[in-house]
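For the single chain, residues carry numbers from 1 onward in sequence order. Remember, predicted model here, so these are calculated numbers, not experimental data.
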Amino acid sequence: MVENFDEFYEEFYEPQFEWYDTKAISNKKYHRWMKISQIALAALLPVAVTLFPVTSSTFWQNTIIIASVLLIILEALESYLNYQKKWMNYRTTAEGLRREEQMFKTGTKEYEGAENPEKMFVERVMALTSQENRYWEITTRKAQEA
């Protein structure tokens, strides 16, 4: 039996799962909002140029220029901030933690017949979160070098 298992579960596991789940949801929203905005702008710009000749009106000329710049900025931000990659990584970790919890609670797979299931749970949860931390460190280092 692992000492303070309940404390580990309540003070480490549950906050970690909540953090990864929340971050996955927010990064998914950011990614989708940026992609939908980019698609809408990319689709509307050729239509706007065709319908509103840029030489006839300063208003439409400026509107089309601003929309074009916004499209480029959105694409650059999506590429720089990597919302899709973060969404996938956080979701993978959250689902791994959820899977581990379910197997632990039901005593299935690796936990079936385990001599010390609480210790195994702690070790596997720590391995999952450590893996995500190593990935974060590597990607942060690469971003700083670029």
Side-chain angles (χ1 to χ4, degrees), residues 1-52 54 60-146:
M1 175 124 185
V2 175
E3 288 182 40
N4 300 322
F5 178 76
D6 291 337
E7 186 179 311
F8 170 81
Y9 188 83
E10 292 171 8
E11 294 180 14
F12 185 80
Y13 173 79
E14 287 180 335
Q16 285 290 302
F17 174 77
E18 188 68 30
W19 189 88
Y20 283 112
D21 191 47
T22 302
K23 289 295 182 180
I25 292 168
S26 64
N27 278 282
K28 179 181 176 181
K29 286 180 185 173
Y30 295 143
H31 169 68
R32 288 195 170 171
W33 181 86
M34 286 192 147
K35 282 298 175 191
I36 289 170
S37 300
Q38 291 170 10
I39 291 167
L41 285 172
L44 291 174
L45 279 171
V47 175
V49 169
T50 305
L51 294 177
F52 311 106
V54 292
W60 287 114
Q61 185 179 22
N62 290 336
T63 301
I64 290 170
I65 290 170
I66 290 169
S68 300
V69 170
L70 185 60
L71 177 62
I72 293 168
I73 289 171
L74 286 173
E75 180 58 34
L77 284 175
E78 173 65 21
S79 176
Y80 178 70
L81 298 172
N82 289 320
Y83 288 128
Q84 183 179 22
K85 190 177 275 185
K86 288 178 183 174
W87 162 33
M88 295 298 178
N89 289 337
Y90 293 147
R91 178 54 54 209
T92 300
T93 302
E95 293 306 318
L97 290 171
R98 184 188 324 258
R99 178 181 174 275
E100 210 59 46
E101 180 186 33
Q102 293 304 313
M103 289 191 317
F104 171 73
K105 284 183 175 179
T106 59
T108 53
K109 298 239 179 186
E110 291 85 358
Y111 293 95
E112 186 175 345
E115 190 173 308
N116 190 340
E118 292 172 341
K119 180 182 176 189
M120 180 183 282
F121 179 77
V122 170
E123 289 171 351
R124 293 174 66 98
V125 166
M126 295 306 290
L128 280 168
T129 56
S130 295
Q131 180 181 350
E132 175 59 29
N133 291 338
R134 278 194 302 274
Y135 172 76
W136 177 83
E137 183 181 337
I138 290 168
T139 55
T140 302
R141 195 171 291 151
K142 282 183 180 177
Q144 288 175 346
E145 291 172 359

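Considering all non-hydrogen atoms of both residues, Ala24 and Trp87 come closest at O-CD1, 3.4 Å. Smallest separation of non-hydrogen atoms from Ala114 and Pro117: O-CD, 3.7 Å. Closest approach of Tyr90 and Glu132 over heavy atoms only: CE2-OE2, 3.5 Å. For the pair Tyr13 and Leu97, the tightest heavy-atom approach, listed with the atom from each and the gap, is OH-O, 2.9 Å.
Of the possible polar contacts, none joining the Thr22 side chain to the Trp19 backbone as a donor-acceptor pair under 3.5 Å is found.
Ring-centre distance between Phe104 and Phe5: below the 6.0 Å cut-off.
Residue pairs meeting the salt bridge (Lys or Arg N to Asp or Glu O under 4.0 Å) criterion with at least one member in residues 14-34, sequence neighbours excluded, are Asp21-Arg91.
Once rounded to the nearest 0.5 Å, the distance linking CD of Glu10 with CG of Asn4 reads 11.0 Å. Distance CD/Glu101 to CZ/Phe121: 6.0 Å, rounded to 0.5 Å. The structure places CD of Gln61 at 10.0 Å from OG1 of Thr63, a figure rounded to the nearest 0.5 Å. Rounded to the nearest 0.5 angstrom, Leu41 CG and Ile66 CD1 are separated by 11.5 Å. Going from atom OG1 of Thr50 over to atom CG of Leu45 covers 10.5 Å, rounded to the nearest 0.5 Å.
Side-chain contact check for Tyr20 versus Thr129: some heavy-atom pair is nearer than 4.5 Å. Contact of the Phe8 side chain with the Glu118 side chain is not registered, since no non-hydrogen atoms from C-beta on lie closer than 4.5 Å.
Screening Gln102, Lys105, Glu100 against Tyr111 for a side chain to side chain donor-acceptor pair (under 3.5 Å) leaves a single residue, Glu100.
Ionic pairing of Arg98 and Glu95 is present here: one or more N-O contacts between side-chain nitrogen and carboxylate oxygen are shorter than 4.0 angstrom.
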Could you pull out all donor-acceptor pairs under 3.5 Å where a side-chain atom in residues 69-85 meets a protein atom, sequence neighbours excluded?
{"from": "Glu78", "atom 1": "OE2", "to": "His31", "atom 2": "ND1", "distance (Å)": "2.8"}

* Asked: What's the verdict on side chain to side chain contact (heavy atoms under 4.5 Å, CB included) for Arg99 and Arg124, showing C-alpha distance, side-chain angles and the deciding distance?
  -> CA-CA 11 Å; Arg99 178 181 174 275; Arg124 293 174 66 98; 4.2 Å; yes

